[in-house]
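Take a look at the structure below.
Both ligands and their constituent atoms are indexed starting at 1 by order of listing.
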Amino acid sequence: MSMQGNIINAASPNNEVNGQINILGKDKWCKEDFELGPCLGKGKFSEVYLAREKQSGFIIALKIMQKSFLKEYGLEDQLRREILLQNGSDHPNILAIYGFFHDQNRIYLILEYAEQGDLYTLTRSFPEKRIPENLAAKYIKQTISALIFLHKNNVIHRDLKPENILLSKGDVKLGDFGLAIENNNAIKEKRQTFCGTLDYISPEMFNRKGHDFRVDIWSIGVLCYELCSGQPPFESETYDETMRRVCSGSLKFPTYFSQELKELLTKILQKNPDLRPNFEQIIQSEWFKTALD
Ligand code: ATP
Ligand code: MG
């Protein structure tokens, strides 16, 4: 997808659009092309609606962001990266983006619709507010498959959490590339930026010593813990307390966690990123062998 011009600053009288793509057979879109349904979810920066393309009847999810908000928080580059990196990521476990357009006040992303919603909501729907280990193993494995693909293509996701992992026909669709970054030079340079959701931030990010693709490996550990218990491992009342717990290296498990899960999480959630297993090693672990049996 080409991203010429500044889509946030571009004036767009008459709802003129400049999106690209796609399987909908069209490369220019406007709000009137879609019939809006209910709100599917809200994030920090956006609202997502179920929508139907009027001509084809094709169902999509429309992610809507206010230009004024993006400008106020200096998020223009971030949005540009979100569109470019998500669009460049053609993988069965990555949510597809079909196009984008804008009008006077808003920017719209046309997304693949994930009809089963996000993993956070799913986790809450279980009686004990947690997912059985065998099902969690399936979702974690598919998320890892998406991340292996991204890392091979030099992209770090940096915002893994249950709310950003969607499900369609029982399979994971990794979404929300709002914090993703191209890693071309990052492995050499190491990135200093501090970002992500507090409970998922790695020790190296808290310490601002620079971070690389291995922050996604840390987050997979946190995600796995949260899916299987309903709570992230270092959750605390305050920012400082969370940081202290993340950096302390002490990890406590609920009694019902299997031995294999405890062993795997102890290996992943290590302060020193050099000591964490890579994704291939994680998938080979005993937990996946037993949980997926
Ligand atoms: P954040 O606060 O994490 O930065 P955001 O503003 O970037 O969020 P998203 O995470 O992309 O927004 O979407 C917000 C919520 O909307 C998701 O957690 C999910 O519940 C719902 N949602 C987003 N995209 C889809 C989709 N394609 N299909 C179904 N539901 C979706
Ligand atoms: Mg989100």
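- At a 4.0 Å heavy-atom cut-off, ligand 1 does not touch L179 at all.
- Under the 4.0 Å criterion applied to side-chain N and carboxylate O atoms, E35 and K54 are not assigned as salt-bridge partners.
- When the options A114, S168, G117 are ranked by their closest heavy atom to atom 28 (N) of ligand 1, first place goes to A114.
- Every residue two or more places apart in sequence or in another chain that forms a side-chain hydrogen bond (donor to acceptor under 3.5 Å, both in side chains) with R276 is listed here: E204.
- Of the options Q78, K63, K44, M65, the smallest heavy-atom separation from atom 9 (P) of ligand 1 is shown by K63.
- For F69, the ring-ring contact (aromatic ring centres under 6.0 Å, His included) test picks out Y73, with sequence neighbours left out.
- The closest approach between a heavy atom of E47 and any atom of ligand 1 is not below 4.0 Å.
- The NZ atom of K28 sits 11.5 Å away from the SG atom of C30 when rounded to the nearest 0.5 Å.
- Proximity to G41 (heavy-atom distance under 4.0 Å) selects the following atoms of ligand 1: 15 (C), 16 (O), 21 (C).
- Taking the centre of each ring, F34 and Y49 stay at or above the 6.0 Å mark.
- Shown in contact with K161 at under 4.0 Å from a heavy atom are these atoms of ligand 1, numbered in order with element: 3 (O).
- Under 4.0 angstrom from ligand 1, there are no non-hydrogen atoms of K173.
- Distance check, rounded to the nearest 0.5 Å: CG of D118 to CG of N164 gives 8.0 Å.
- A centroid separation of 6.0 Å or more is found between the aromatic rings of Y108 and H102.
- With ring centers used as reference points, F234 lies under 6.0 Å from W218.
- Between E163 and K161, no side-chain nitrogen of the basic residue sits less than 4.0 Å from a carboxylate oxygen of the acidic one, so the salt-bridge criterion is not met.
- Considering only non-hydrogen atoms, atom 25 (C) of ligand 1 lies nearest to L166 out of T197, L166, L40.
- Inspection of the environment of the Mg ion (ligand 2) yields the following protein N, O or S atoms under 2.8 Å: N164 OD1, D176 OD2.
- The contact set between ligand 1 and N164, taken as ligand atoms under 4.0 Å from a residue heavy atom, comprises 3 (O), 10 (O).
- The parts of S46 lying near ligand 1 are both backbone and side chain, judged by heavy-atom distances below 4.0 Å.
- Using a 4.0 Å cut-off between charged nitrogen and carboxylate oxygen, K173 and E112 count as a salt-bridge pair.
- Here D274 pairs with R214 in a salt bridge; the nearest charged N to carboxylate O distance falls below 4.0 Å.
- When non-hydrogen atoms are compared, ligand 1 lies under 4.0 Å from neither the backbone nor the side chain of L50.
- Protein heavy atom in closest approach to atom 1 (P) of ligand 1: D176 OD2, 3.3 Å.
- Ligand 1 places these atoms under 4.0 Å from at least one heavy atom of E112: 26 (C), 27 (N).
- In this structure, Y120 has no ring-ring contact (aromatic ring centres under 6.0 Å, His included) partners at least two apart in sequence or on a different chain.
- Inclusion of F45 in the set of residues having an N or O under 3.5 Å from an N or O of ligand 1 is warranted.
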